S.K.: 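Dropping a structure here in structure tokens format, bear with me for questions.
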Amino acid sequence: MPPLPQSFYLQPTPQVARDLLGCLLIHETPEGPCGGLIVETEAYLCADDPACHAALGRTKRNAAMFGPPGHAYVYRIHQVFCLNLVTAPEGVAEAVLLRALEPTVGADLMRRRRGQHALKDLCSGPGKLCQALGITLVHNGLSVMQPPLYVSRVPASLRDAQVTQTTRVGIHPDKGAELPLRFYLGDSPFISRR
DNA sequence: CGATGGATGAACT
DNA sequence: GTTCATCCATCGT
């Protein structure tokens with residue numbers, strides 16, 4: 001399957017977050033390809049969303065969010081990295097955080113990067129996912145519409161009933177904690193938490 | 001199981 | 001100096 005086109009990332013951001021569920025994220029690395037099916041995402045919006053990194057304007061760190069859609073925004077928090085896919089037209093800072101994958105490609109390689117872990121714990125969190133795939137700040141701003149890093153749709157169809165929509169993880173009480181912008185596959189054992 | 005706290009680095013006030 | 005879009009070990013039930 002070809003990578004998702006840029007037009008995909010120009011849909012409303014919550015819809016992009018939802019539609020990314022079930023899509024395949026692949027990173028082709030020197031050690032081999034690795035990745036999996038996206039099972040958990042969160043949308044971060046430009047307007048009325050204090051949790052968005054761009055809520056206070058453009059900075060050196062969040063610059064990629066203001067860039068073209070279909071590119072990566074990678075940031076560091078504590079000692080881990082997190083991967084977002086930039087949405088909305090250039091200049092409008094919105095993105096989707098990828099929070100968990102169901103490992104399907106290169107599981108052994110990912111296990112090596114993460115240390116010995118059960119399959120369900122390899123990519124069950126935004127930091128774990130980046131560690132497993134070998135995503136770092138060097139990927140900040142890169143296109144996710146072509147190798148080595150890309151997202152594509154898979155043939156299997158997705159039933160609406162499988163998608164759960166709820167509040168985001170780790171958001172402080174006065175920062176839009178009540179916004180229902182987290183999406184995950186309700187029957188997946190690979191998500192970060194219930 | 002669930003709750004808690006420390007690690008640890010960069011951006012920002 | 002404060003604040004995290006986290007993770008993991010280590011408690012406590």
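So that the names make sense, note that chain A is the first sequence line, chain B the second, and so on, each numbered from 1. Just so it is clear, the structure is predicted and the values come from calculations on it, not from any experiment. Values below: every heavy atom of this structure, side chains too, minus hydrogens, waters and symmetry copies.
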S.K.: Nearest whole Å is fine: how far is C:dC4 C1' from A:Tyr75 OH?
M.R.: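 Atom OH in A:Tyr75 sits about 9 Å away from atom C1' in C:dC4.
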S.K.: Rounded to the nearest 0.5 Å, what separation is found between the NZ atom of A:Lys128 and the NE2 atom of A:His117?
M.R.: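 Rounded to the nearest 0.5 Å, the NZ-NE2 separation comes out at 7.5 Å.
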S.K.: Please collect all side chain to side chain donor-acceptor pair (under 3.5 Å) contacts where either partner lies in residues 171-180 of chain A, sequence neighbours excluded, each pair once.
M.R.: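 Not a single pair qualifies under side chain to side chain donor-acceptor pair (under 3.5 Å).
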S.K.: Hey, could you give me each pair passing side chain to side chain donor-acceptor pair (under 3.5 Å) that has a residue in residues 86-97 of chain A? Not counting sequence neighbours.
M.R.: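 Found A:Thr13-A:Thr87, A:Thr13-A:Glu94.
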S.K.: What is the separation between atom CD1 on A:Ile135 and atom C1' on C:dA5, rounded to the nearest whole Å?
M.R.: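 Those two atoms, CD1 and C1', are 17 Å apart.
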S.K.: What's the separation between atom CZ in A:Phe183 and atom CD in A:Gln162, rounded to the nearest 0.5 Å?
M.R.: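 Separation between the atoms: 15.5 Å.
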S.K.: Which heavy atom of A:Val39 sits nearest a heavy atom of A:Ile191, and at what distance?
M.R.: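 Minimum heavy-atom contact is O-CG2, 3.8 Å.
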S.K.: Which parts of nucleotides 8-13 of chain C does protein reach within less than 4.0 Å, heavy atoms only, written one letter per nucleotide 5' to 3' as B for base, S for sugar-phosphate only and - for none?
M.R.: S-----
S.K.: Counting only side-chain nitrogens and oxygens, does A:His172 get under 4.0 Å of the OP1 or OP2 atom of C:dT3?
M.R.: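 So the side chain of A:His172 is outside the cut-off, no N or O lying under 4.0 Å from OP1 or OP2 of C:dT3.
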S.K.: Rounded to whole angstroms, how far apart are CD1 on A:Ile171 and C1' on C:dC4?
M.R.: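 Taking CD1 of A:Ile171 and C1' of C:dC4, I get 10 Å after rounding.
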S.K.: Could you tell me which non-hydrogen atom of A:Arg113 sits nearest to which non-hydrogen atom of A:Ala132, and how far apart they are?
M.R.: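 That closest heavy-atom pairing would be NH1-O, 2.7 Å.
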S.K.: Once rounded to the nearest 0.5 Å, what's the spacing between atom SG of A:Cys52 and atom CD1 of A:Ile171?
M.R.: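 CD1 of A:Ile171 is found 10.0 Å from SG of A:Cys52.
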S.K.: In the 5'-to-3' direction, what one-character label does each nucleotide of nucleotides 6-13 of chain B receive under the scheme B = base within less than 4.0 Å of a protein heavy atom, S = sugar-phosphate only, - = no such atom?
M.R.: -BBB-SS-
S.K.: How many whole angstroms separate atom CG of A:Leu122 from atom P of C:dT6?
M.R.: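 Checked: the CG to P distance equals 19 Å.
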S.K.: Donor-acceptor pair, distance only, cut-off 3.5 Å: does the side chain of A:Arg194 make one with the backbone of A:Gly186?
M.R.: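 Judged by distance alone, yes, a pair lies under 3.5 Å.
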S.K.: Roughly how many Å is it from CZ in A:Phe81 to C1' in C:dA5, rounded to a whole number?
M.R.: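 Computing the A:Phe81:CZ to C:dA5:C1' distance gives 15 Å.
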S.K.: Look only at the side chain of A:Gln131 and the backbone of A:Val80, and say whether a donor-acceptor pair between them is shorter than 3.5 Å.
M.R.: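 No, A:Gln131 side chain to A:Val80 backbone: no donor-acceptor pair under 3.5 Å.
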S.K.: Less than 5.5 Å between centroids and less than 30° between ring planes, does A:Tyr44 satisfy that with C:dA5?
M.R.: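 Answer is yes, a stack.
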S.K.: Would a 4.5 Å heavy-atom cut-off, applied to side chains only, mark A:Phe8 and A:Pro69 as touching?
M.R.: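 Not in contact.
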S.K.: Taking only heavy atoms on the protein side, list every residue of residues 96-104 of chain A lying under 4.0 Å from any atom of DNA chain B, sorted numerically.
M.R.: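 Hits under 4.0 Å, by residue number: none.
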S.K.: Please report the shortest heavy-atom distance between A:Asn62 and A:Thr59, naming the atom on each side.
M.R.: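 For A:Asn62 and A:Thr59, the tightest heavy-atom pair comes out as OD1-N, 2.7 Å.
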S.K.: Working to the nearest 0.5 angstrom, can you tell me the gap between A:Met1 CE and A:Cys23 SG?
M.R.: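 So the gap between those two atoms works out to 9.0 Å.
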S.K.: Taking 4.0 Å as the cut-off, does a side-chain nitrogen or oxygen of A:Lys175 come that near to OP1 or OP2 on C:dC4?
M.R.: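 Indeed, a polar side-chain atom of A:Lys175 lies that close.
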S.K.: Donor-acceptor check, side chain of A:Arg99 to backbone of A:Glu40, threshold 3.5 angstrom: yes or no?
M.R.: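 Answer holds: no.
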S.K.: Between atom CZ in A:Arg168 and atom P in C:dT6, what is the gap in whole Å?
M.R.: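 It works out to 11 Å between those atoms.
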S.K.: Which value, rounded to the nearest 0.5 Å, describes the distance between A:His53 atom NE2 and A:Arg61 atom CZ?
M.R.: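 One finds 4.5 Å between NE2 of A:His53 and CZ of A:Arg61.
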S.K.: CZ of A:Arg194 versus P of B:dC1: gap in Å, rounded?
M.R.: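 Going from A:Arg194 (CZ) to B:dC1 (P), I get 13 Å.
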S.K.: DNA chain B in dot-bracket, Watson-Crick or G-U pairs under 3.5 Å, [ ] crossing, | other strand?
M.R.: |||||||.||||.
